[in-house]
Engineer: 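What follows is a single structure, and I will ask about it in a moment.
Note on naming: letters A, B, ... go to the chains in the order of the sequence lines (proteins, then strands), and numbering restarts at 1 for each one. All values below come from the heavy atoms of this structure, side chains included, with hydrogens, waters and symmetry mates left out.
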Amino acid sequence: MAATRAGPRAREIFTSLEYGPVPESHACALAWLDTQDRCLGHYVNGKWLKPEHRNSVPCQDPITGENLASCLQAQAEDVAAAVEAARMAFKSWSAHPGVVRAQHLTRLAKVIQKHQRLLWTLESLVTGRAVREVRDGDVQLAQQLLHYHAIQASTQEEALAGWEPMGVIGLILPPTFSFLEMMWRICPALAVGCTVVALVPPASPTPLLLAQLSGELGPFPGVLNVISGPASLVPILASQPGIQKVAFCGALEEGRALRRSLAGECAELGLALGTESLLLLTDTADIDSAVEGVVDAAWSDRGPGGLRLLIQESVWDEAMRRLQERMGRLRSGRGLDGAVDMGARGAAACDLVQRFVCEAQSQGAQVFQAGDVPSERPFCPPTLVSNLPPASPCAPSLVGGPWRVPWPVVVASPFRTAKEALLVANGTPRGGSASVWSERLGQALELGYGLQVGTVWINAHGLRDPSVPTGGCKESGCSWHGGPDGLYEYLRPSGTPAQLSCLSKNLNYDTFGLAVPSTLPAGPEIGPSPAPPYGLFVGGRFQAPGARSSRPIRDSSGNLHGYVAEGGAKDIRGAVEAAHQAFPGWAGQSPGARAALLWALAAALERRKSTLASRLERQGAELKAAEAEVELSARRLRAWGARVQAQGHTLQVAGLRGPVLRLREPLGVLAVVCPDEWPLLAFVSLLAPALAYGNTVVMVPSAACPLLALEVCQDMATVFPAGLANVVTGDRDHLTRCLALHQDVQAMWYFGSAQGSQFVEWASAGNLKPVWASRGCPRAWDQEAEGAGPELGLRAARTKALWLPMGD
Amino acid sequence: HDLSWISKIQVNHPAVLRRAEQIQARRTVKKEWQAAWLLKAVTFIDLTTLSGDDTSSNIQRLCYKAKYPIREDLLKALNMHDKGITTAAVCVYPARVCDAVKALKAAGCNIPVASVATGFPAGQTHLKTRLEEIRLAVEDGATEIDVVINRSLVLTGQWEALYDEIRQFRKACGEAHLKTILATGELGSLTNVYKASMIAMMAGSDFIKTSTGKETVNATFPVAIVMLRAIRDFFWKTGNKIGFKPAGGIRSAKDSLAWLSLVKEELGDEWLKPELFRIGASTLLSDIERQIYHHVTGRYAAYHDLPMS
């Protein structure tokens, strides 16, 4: 017999049948670090950038604490160099046909395939995540993402005609993340022709490796640049001239702060905040499978964050028993072990869990921890928190509380009925992802449609695919990645000038629009009767303003055209309330029914054509042009009514039997501040898409001539249900302030001054409502592209992906 | 027992498929752990031959292999030669039970003989003859009886009738162990698999077994997950531990490790003993032996290095 390799332990293992270590060799990761002499810089313009005199941060194995390499921290000038490289690269990258970009992405996918072992061992080594998850999940998905977006790039000229790439994208990634978060965002950006500067947290080598792999492909070295540096560089990168969009992914409060600090800056901001997810377990569910869903969501290295678990009261005991039983079989250990469910995510993550658990316990909650988990420090056992009083500061239902459920914590709470579950689930400012577990199709769909989140999985959790858009709503931020929505994040309508900074340093946010200048009577109204309607159009009728005062409106020759009501904060409150009351009914209407009402309004406008035209004439328009404006307005109403008929579609996903529905849902109450010019056309062009998608609106009409909007209100009063569209006249800045700061306005469109735009962007940080601000740029409302283009449709609704796996 | 146990149950097919995929990837064992687990797997095997051309000579060879499943020198190298490693049982057609009992006696060991029965594999014969078949096999010396259920009762939802039939099988077995084959490939849905498992356990089966090996779809992980969950639920409700036997299509050593970890994950270590876990297989043993050979010697075995079964 030749050399025997059998160890001495077989006998004991034969009896105990325990699991042994399954170490994955990370020699190639270390060898790669050696090629950099264990000192990582930044990867800019296809070259390693290792400037001198920089602080360095050690990159450590999160479990052993062993020093793997030192990482140089970027300074402002390194950021500038990277942005400059990306700007130079953008010129040629965006000029090439999509097919060329597709080739580059495909080649990158192939390189990843060839060097995947290096990628997965490096990622697992430095992040501590289970290598199996990285190998079988992330690396495969990264390649799929590249392939999917290569296809999108190759068809860009036809499929995305009328859109052009934004420019240089600044990408900001959170401290604990998988390199996939970067892939989700760089793939669509690169595909459509943008170039990227990614700012990664200190000591994250995987993005650098990816940048190197991309850079070494040759012809386009500067399209993907990665610099590593501290969070203090975020505002520096974001305000770097040339950056057209900042995609931020990270914690809620940081995102909020960035929203404030970027108000009025050149770059647009896309936020993806928070990592928490939600799971609804009803009494008709396959409970064992739902428990696996909980494992996928929170007790594995798949999900990024913690989980709120809502369990129907009638199955509470059974579900808790199964959860606890399952927890006992989870294994945690070194990420590079091939047989663990959970790795470790470093000391900071561990502290967070401990603080959360202590806080919960002090509030009287029950905490259950189990599993085969090493007892030493960076490991956290899977944790199940129940009976947390709803009023305790760390309860997930507590609005605006400082606590987020951290990985790997699950906070379970009971509900009685599906209706209550929806109320509880929607009763938070967060709107990321959720899953519904129910074997009753009707109930599952009801919950799936009713949840205010970006992604809903029915009887599954955490599935992802490049063709399915992923994003959120409410305070989870409204940026999207994947699918068509991910592409539009980095596109703007062709011909739009590059965004410029409209930053006014001396704009005082505290006083902007705070006071309303008082207005005095300016003489009697003269001109054609009938007199314009007077009052604020709120809740379906004209109401006297709370301030009981009016403002004069002059015509183009300076004569008094009429008086309009002076609306104020209380009127805005009333209008938003009225809009909220009308919202469920309107959103629940079929697109056909909504179209019918828009068409009825169009017909009413045509009947009123002569009055409207004469009012436009008094504002200085030619009669022909005035009549044309009225006709075009009516056409816009009809066009949007018809367009919304064909909304949402079904996606087919590899590896999933069953459809994924891409739904387009209304945003809620939409505040619209109309431009001064085109008093009728702009008003109708904004009203039509907003209503067509099922939103209810509060509108501030043209300040120069609100009378036309009020004329339309007369028809809306007879055609529309009350509260659908509310029109408040008054001081523009004051009304803008009230709307922008209103926490229960779900989105805001602002067409007006640069200062107003800056204020709106700043104020939107309160509830992180998506805003669309014109920044003082006029818009050609009579042109199809700008007045009725697809951009309006995109902004008027939000996407939801509803996953419906099938099988029996 | 209460038939309401099965009325509310729901099994979500796609979710179980996902779990089945994950469970195979999430647990592996290497090196001496692998060797020890493989030897353990040997002790779970119901070494089976169910062919039309079975005669006493190949039954005899099978029985010898059951007694000496792994080459003695390999066991010595692992220091496992004194553990008395044999397969858990041999499993044959009723008409071959005599041969097997005789061969095992000649080999001087007390490995139990299992016999399939009740119109194996289709179960489409009269109840009377099916019961008689059990009695005859027991008379011939079989101590374990693998019965097939009447699939038509499941597909038409006659759960009480199914319960009554299995009760009668149980009675006919007397002292012998009753393993109930659910033929899951022909039950139509995972929900039916769960319900049939529950009925079989309520009616007094000692084991529930996935399949005959003669259906087009045999032992699969999704089906096993559902059956194991049913076993756990039954244990929680009654305190009785029922055994599990996957059969059909388990051919490689790697498969057998996955099955062991599946049972360990879903039910726990207390189910990992021959009284509660069996693997029905005919060719699996030789692959395990090859892997052990490789583990001990560091070389891959040639076909003729290991004795045939």
Engineer: Using a cut-off of under 4.5 Å on heavy-atom pairs, state which of A/Asp337, A/Leu463, A/Asp283, A/Asp296 scores highest against chain B.
Structural biologist: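 With the most close heavy-atom pairs to chain B, the winner is A/Asp296.
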
Engineer: Just wondering, more than 12 heavy atoms not from B/Asn110 lying within 6.0 Å of its CG?
Structural biologist: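 For B/Asn110, atom CG is not crowded (no more than 12 foreign heavy atoms under 6.0 Å).
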
Engineer: Where do A/Ser300 and B/Arg26 come nearest, in terms of heavy atoms and distance?
Structural biologist: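 For A/Ser300 versus B/Arg26, the nearest heavy atoms are CB-NH2, 4.2 Å.
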
Engineer: Go through it in stages, so that I can follow the logic: the residues are B/Trp236 and A/Glu318, the test is side chain to side chain contact (heavy atoms under 4.5 Å, CB included), and I'd like the CA-CA distance, side-chain angles, deciding distance and then a yes or no.
Structural biologist: CA-CA 11 Å; B/Trp236 280 356; A/Glu318 207 181 335; over 6 Å; no

Engineer: How many angstroms lie between CH2 in B/Trp33 and CD in A/Glu18, if you round to the nearest 0.5 Å?
Structural biologist: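 With rounding to 0.5 Å, CH2 (B/Trp33) is 7.0 Å from CD (A/Glu18).
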
Engineer: For the atom pair CG (A/Asp136) and CD (B/Gln22), what is the distance rounded to the nearest 0.5 Å?
Structural biologist: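 With rounding to 0.5 Å, CG (A/Asp136) is 10.5 Å from CD (B/Gln22).
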
Engineer: Taking the side chain as everything from C-beta on, heavy atoms only, tell me whether A/Glu439 gets closer than 4.5 Å to B/Ile9.
Structural biologist: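 No. Closest side-chain heavy atoms not under 4.5 Å.
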
Engineer: Side chain, backbone, both or neither: which part of B/Leu257 has an atom under 4.5 Å from a heavy atom of chain A?
Structural biologist: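 No part of B/Leu257 comes within 4.5 Å of chain A.
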
Engineer: Need one label for B/Thr43: side chain, backbone, both or neither, based on atoms under 4.5 Å from any heavy atom in chain A.
Structural biologist: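 The side chain, not the backbone.
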
Engineer: Between A/Arg322 and B/Asp233, does at least one N-O distance fall below 4.0 Å, as a salt bridge requires?
Structural biologist: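 Yes, charged N to carboxylate O under 4.0 Å.
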
Engineer: With chain A, which of B/Met80, B/Lys8, B/Lys83, B/Lys30 has the greatest number of heavy-atom pairs at distances under 4.5 Å?
Structural biologist: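 Looking at each of B/Met80, B/Lys8, B/Lys83, B/Lys30 in turn, B/Met80 comes out on top.
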
Engineer: Validate the cation-pi geometry between B/Lys264 and A/Tyr19: distance from NZ or CZ to the six-membered ring centre under 6.0 Å, angle to the ring axis within 45°.
Structural biologist: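 Yes, B/Lys264 lies over the aromatic ring of A/Tyr19.
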
Engineer: Non-hydrogen atoms of chain A under 4.5 Å away: do they reach the side chain of B/Ala35, the backbone, both or neither?
Structural biologist: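 Looking at B/Ala35, nothing touches chain A.
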
Engineer: State whether B/Arg19 and A/Asp286 are salt-bridged, where the test is any N-O pair (Lys NZ or Arg NE/NH1/NH2 against Asp/Glu carboxylate O) under 4.0 Å.
Structural biologist: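 No salt bridge links B/Arg19 with A/Asp286.
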
Engineer: Any donor-acceptor pair under 3.5 Å linking the side chain of A/Arg9 with the backbone of B/Glu32?
Structural biologist: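 Between the backbone of B/Glu32 and the side chain of A/Arg9 there is no qualifying donor-acceptor contact (under 3.5 Å).
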
Engineer: May I ask you to say whether A/Arg329 pairs ionically with B/Glu265, meaning some side-chain N is under 4.0 Å from a carboxylate O?
Structural biologist: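 Looking at B/Glu265 together with A/Arg329, the answer is no, because their closest N to O distance does not fall below 4.0 Å.
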
Engineer: Is the count of non-hydrogen atoms from other residues, nucleotides or ligands lying under 6.0 Å from B/Lys31 atom NZ greater than 12?
Structural biologist: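 Incorrect, the count does not exceed 12.
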
Engineer: For residues A/Arg331 and B/Arg27, determine if any side-chain heavy atom of one lies less than 4.5 Å from a side-chain heavy atom of the other.
Structural biologist: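 Sidechains of B/Arg27 and A/Arg331: in contact.
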
Engineer: Among A/Arg657, A/Arg326, A/His461, who wins on heavy-atom pairs under 4.5 Å with chain B?
Structural biologist: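 With the most close heavy-atom pairs to chain B, the winner is A/Arg326.
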
Engineer: If every non-hydrogen atom of B/Thr28 is compared with every non-hydrogen atom of A/Val22, which pair is closest and at what distance?
Structural biologist: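 The pair with the smallest heavy-atom distance is O-CG2, 3.3 Å.
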
Engineer: Return the minimal non-hydrogen interatomic distance between B/Gln10 and A/Thr284, and the atom names on each side.
Structural biologist: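 What the structure gives for the nearest pair is CG-O, 3.7 Å.
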
Engineer: Is there a side-chain contact between A/Ser289 and B/Arg18, using heavy atoms and a 4.5 Å cut-off?
Structural biologist: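 Side-chain contact under 4.5 Å: no.
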
Engineer: Go through the structure and list residues passing salt bridge (charged side-chain N to carboxylate O under 4.0 Å, His left out) with A/Arg345, not counting sequence neighbours.
Structural biologist: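 A/Arg345 satisfies salt bridge (charged side-chain N to carboxylate O under 4.0 Å, His left out) with A/Asp301 once adjacent residues are dropped.
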
Engineer: Heavy atoms only, distances under 4.5 angstrom: which of A/Leu656, A/Asn459, A/Asp288, A/Val340 has the most pairs with chain B? Name it, please.
Structural biologist: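 So the answer, after comparing A/Leu656, A/Asn459, A/Asp288, A/Val340, is A/Asp288.
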
Engineer: What part of B/Asn12 gets within 4.5 angstrom of chain A, counting heavy atoms only: side chain, backbone, both, or neither?
Structural biologist: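 For B/Asn12, the contact with chain A is made by backbone and side chain together.
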
Engineer: Is A/Arg302 close to chain B through its backbone or its side chain, or both, or neither, when contacts mean heavy atoms under 4.5 Å?
Structural biologist: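 The side chain, not the backbone.
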
Engineer: Under 4.5 Å, counting heavy-atom pairs only, tell me which of B/Glu266, B/Arg229, B/Lys273, B/Arg232 racks up the most with chain A.
Structural biologist: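 Highest number of pairs under 4.5 Å: B/Arg229.
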
Engineer: Out of curiosity, B/Trp37 CH2 to A/Ile13 CD1, how far, rounded to the nearest 0.5 Å?
Structural biologist: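 Rounded to the nearest 0.5 Å, the CH2-CD1 separation comes to 10.0 Å.
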
